[in-house]
Engineer: 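The structure's right below; bear with me while I get my questions together.
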Number of protein chains: 2
Amino acid sequence: MRPPERQEAEEERQPATMSQIARRLKVSESTVSRALAGSPLVKAETREKVEALARELGFSVNLNAQRLKRRRSQTIEVVIPVEEYGRQHMSDPFFLDMIGALADALTDAGYDMLLSKRTPWAVDAEGRPRPNPLLSGRADGVIIIGQGRDQSQLRAFAAQHRQVVVWGDPEVAGDYLLVGVDNRAGGRTATEHLLSRSRRRLAFLGDPKEPEISQRCEGYKDALRAAGMPVEADLIVPARFDAVYALETITAFLGKADPIDGIVAATDVIAMTAITALQQAGLSVPGDVAVTGYDDIHSARSASPPLTTITQRIAEGGQALVATLLGAIEGGPARSRVIEPELIVRVSSG
Amino acid sequence: MRPPERQEAEEERQPATMSQIARRLKVSESTVSRALAGSPLVKAETREKVEALARELGFSVNLNAQRLKRRRSQTIEVVIPVEEYGRQHMSDPFFLDMIGALADALTDAGYDMLLSKRTPWAVDAEGRPRPNPLLSGRADGVIIIGQGRDQSQLRAFAAQHRQVVVWGDPEVAGDYLLVGVDNRAGGRTATEHLLSRSRRRLAFLGDPKEPEISQRCEGYKDALRAAGMPVEADLIVPARFDAVYALETITAFLGKADPIDGIVAATDVIAMTAITALQQAGLSVPGDVAVTGYDDIHSARSASPPLTTITQRIAEGGQALVATLLGAIEGGPARSRVIEPELIVRVSSG
DNA sequence: CTGAAAGCGCTTACAG
DNA sequence: CTGAAAGCGCTTACAG
């Protein structure tokens with residue numbers, strides 16, 4: 001048998017606790033707790049002694065105890081339900097921009113960010129639901145990116161909990177807090193822009209099964225109708241989010257369809273993929289075909305050619321999601337928020 | 001004054017607890033706890049009664065209490081220290097691919113994933129350190145993506161804690177667990193590939209201040225020297241990670257330098273940006289200039305032209321990071337792991 | 001300004 | 001197979 005000292009050294013080192021600090025300083029745990037929390041109740045001299053020893057011992061407050069007692073996790077769960085998105089494998093840079101914006105906003109507000117690819121109502125392999133993030137104290141609120149194809153579960157979940165905010169389309173929304181852009185207006189704006197550049201035969205690339213894409217597609221149809229032009233079903237191509245798959249679809253479409261001179265793409269990634277397909281087919285952008293994207297992801301401006309797009313103001317959207325959610329958590333009158341889409345004209349549209 | 005019922009309805013609804021279930025079923029809390037944990041100790045009939053009532057009440061176990069008691073958070077903190085990366089604003093899709101891979105691996109292993117842009121040793125606005133994720137029970141382990149320019153703090157932190165794994169370069173690594181590719185070999189492979197395609201004047205694009213990039217650049221030099229060719233300092237261009245900034249740098253370089261016929265880019269994003277700059281300058285890829293990237297991000301294969309690149313096997317890397325970390329947490333003999341880089345030949349290199 | 005006490009909601013060794 | 005008891009590490013109303 002080894003000597004106990006050796007054994008202890010091999011064990012997990014136990015972190016220091018408030019009670020240890022209290023004992024060594026001959027004060028109560030209450031005082032240590034108050035001192036470390038910066039309570040004005042404790043004498044400056046006492047606080048300094050406590051802080052000094054805490055630093056010396058490398059003390060970190062036990063967050064699980066603190067959260068249990070305070071009934072607050074100071075954590076927000078951000079859900080990117082990729083299963084819902086036609087298995088796009090989360091590859092769209094839109095998500096990265098959104099994650100970055102949310103991380104910044106949450107950090108500034110003093111919250112930790114939990115990232116999940118599963119919805120709170122998802123069941124695990126054995127068909128059991130995961131612990132509800134809100135009821136289990138895992139998170140104080142949930143941000144869900146995207147409404148998904150089937151909204152019934154989202155609606156049911158949001159009906160149970162006030163601390164839920166969704167990024168999605170205002171028109172499609174149910175009775176839950178939502179931040180998002182008017183996708184129909186954005187789709188219409190993009191289409192009108194191409195029409196104003198004298199493009200006459202416009203395809204829409206994007207899968208209308210997704211609610212947000214569907215709205216963008218409605219905007220495309222609105223603009224065509226307003227211009228007195230026909231809406232041709234053949235020109236609506238259900239390209240997937242994922243560039244690798246979209247490329248096949250678009251290439252096939254270009255081979256089959258009568259020549260087009262404009263493309264309204266449902267996302268920037270689809271737009272860039274379409275440009276690749278066009279160039280491979282020997283067509284120039286914007287010479288032969290003008291292209292608009294949607295999202296204004298970070299790389300849109302350094303694309304080749306730089307992409308005309310509808311900005312979703314992702315940074316602003318992330319801030320609004322956090323502000324709305326924190327409002328709901330504080331119990332205040334949290335309000336949904338519609339962000340206006342805006343056309344950013346670059347080179348790809350001529 | 002309102003009647004108390006109304007008041008209660010306005011209050012936050014308190015989640016059900018094990019003690020409530022126990023009381024209603026006239027069993028002990030211990031039994032409820034065991035039943036819900038699926039302990040073989042409890043009689044099937046009892047377990048079913050408990051499970052039924054738990055379901056009826058919408059019971060979710062209080063994770064803060066559970067974690068406090070078990071001294072396990074079942075959570076891993078993933079750190080993407082963007083401040084370190086020359087302020088690249090986390091815009092490189094490499095991060096999204098890595099985040100996705102880590103999320104999958106952690107979910108499969110039953111862990112939650114906390115995402116942070118701040119290192120564990122970062123201080124807040126007031127200069128106070130955040131609670132240490134490991135000592136505070138916030139996380140059972142930390143995964144840090146990238147070694148950063150200044151490794152001293154990383155080394156100090158890792159020296160204090162076994163439950164830390166870093167994604168980075170094996171050559172540069174200190175005494176900590178690491179998963180990463182041999183960047184020098186990768187840089188050399190890419191360069192040799194262009195030389196084998198009869199390219200003779202090759203530029204390297206990427207900022208060697210970053211340790212991983214520096215190694216890729218060493219590989220570039222190795223290959224040139226091995227081919228008996230000169231290493232020209234002017235052909236090493238410290239392009240930033242961020243495409244928007246990189247574009248300026250690269251365009252300026254193309255305007256100044258003697259003609260080149262090949263580019264070894266330090267990342268896929270830099271490669272795609274270089275292609276944009278080349279095309280804007282009226283040069284064709286790969287006709288006039290052959291280009292290789294690095295990372296094999298998701299969009300490399302649908303780029304225009306599809307990008308020849310060095311794959312980092314990001315999905316495999318994410319799994320290895322998680323496997324290594326969980327090994328360290330279990331206390332087993334966790335081992336660092338080197339992933340072999342591999343050349344993926346597509347169109348951009350001719 | 002400080003302390004004693006209660007309690008947040010679990011888990012688990014111990015006893016039966 | 002079940003229960004009583006202790007305790008994880010905090011916070012905070014209450015009393016002084």
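Convention: sequence-line order gives letters A, B, ...; per-chain numbering from 1.
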Engineer: Just need the stems in DNA chain C: three or more back-to-back Watson-Crick or G-U pairs, each with both distances under 3.5 angstrom, sorted by first number.
Structural biologist: C:1-3 with D:14-16, C:5-12 with D:5-12, C:14-16 with D:1-3
Engineer: Using a 3.5 Å distance criterion without hydrogens, assess whether the side chain of T75(B) forms a donor-acceptor pair with backbone atoms of S73(B).
Structural biologist: yes
Engineer: As an exercise, state the distance from CG of N64(B) to NZ of K69(B), rounded to the nearest 0.5 Å.
Structural biologist: 15.5 Å
Engineer: Which residues pass the side-chain contact (heavy atoms from CB on, under 4.5 Å) test with E45(B), not counting sequence neighbours?
Structural biologist: K43(B)
Engineer: Which value, rounded to the nearest 0.5 Å, describes the distance between Q163(A) atom CD and I143(A) atom CD1?
Structural biologist: 12.5 Å
Engineer: Report the residues that fulfil side chain to side chain donor-acceptor pair (under 3.5 Å) with S19(A), sequence neighbours left out, ordered by chain and then residue number.
Structural biologist: R23(A)
Engineer: First and last nucleotide of DNA chain C touching chain A, 5' to 3', heavy-atom cut-off 4.0 Å?
Structural biologist: dC1(C) to dG9(C)
Engineer: If only side-chain N and O atoms count, and only distance matters, is there a donor-acceptor pair under 3.5 Å linking Q14(B) with R71(A)?
Structural biologist: yes
Engineer: Holding to side-chain contact (heavy atoms from CB on, under 4.5 Å), I want the full list of residues that pass it with R335(B), two or more places apart in sequence or in another chain.
Structural biologist: none
Engineer: Take atom C1' in dT12(D) and the same atom in dG16(D), then report the distance between them in whole Å.
Structural biologist: 16 Å
Engineer: For DNA chain D, find the residues of residues 24-49 of chain A with a heavy-atom distance under 4.0 Å and give them by number; none if there aren't any.
Structural biologist: E29(A), S30(A), S33(A), R34(A)
Engineer: Between E77(A) and G141(A), is there a donor-acceptor pair closer than 3.5 Å when you use the side chain of the first and the backbone of the second?
Structural biologist: no
Engineer: State the CE-CZ distance between M18(B) and F59(B), to the nearest 0.5 angstrom.
Structural biologist: 4.0 Å
Engineer: In terms of side-chain heavy atoms, does S33(B) have a donor or acceptor partner in S30(B) at a distance below 3.5 Å?
Structural biologist: no
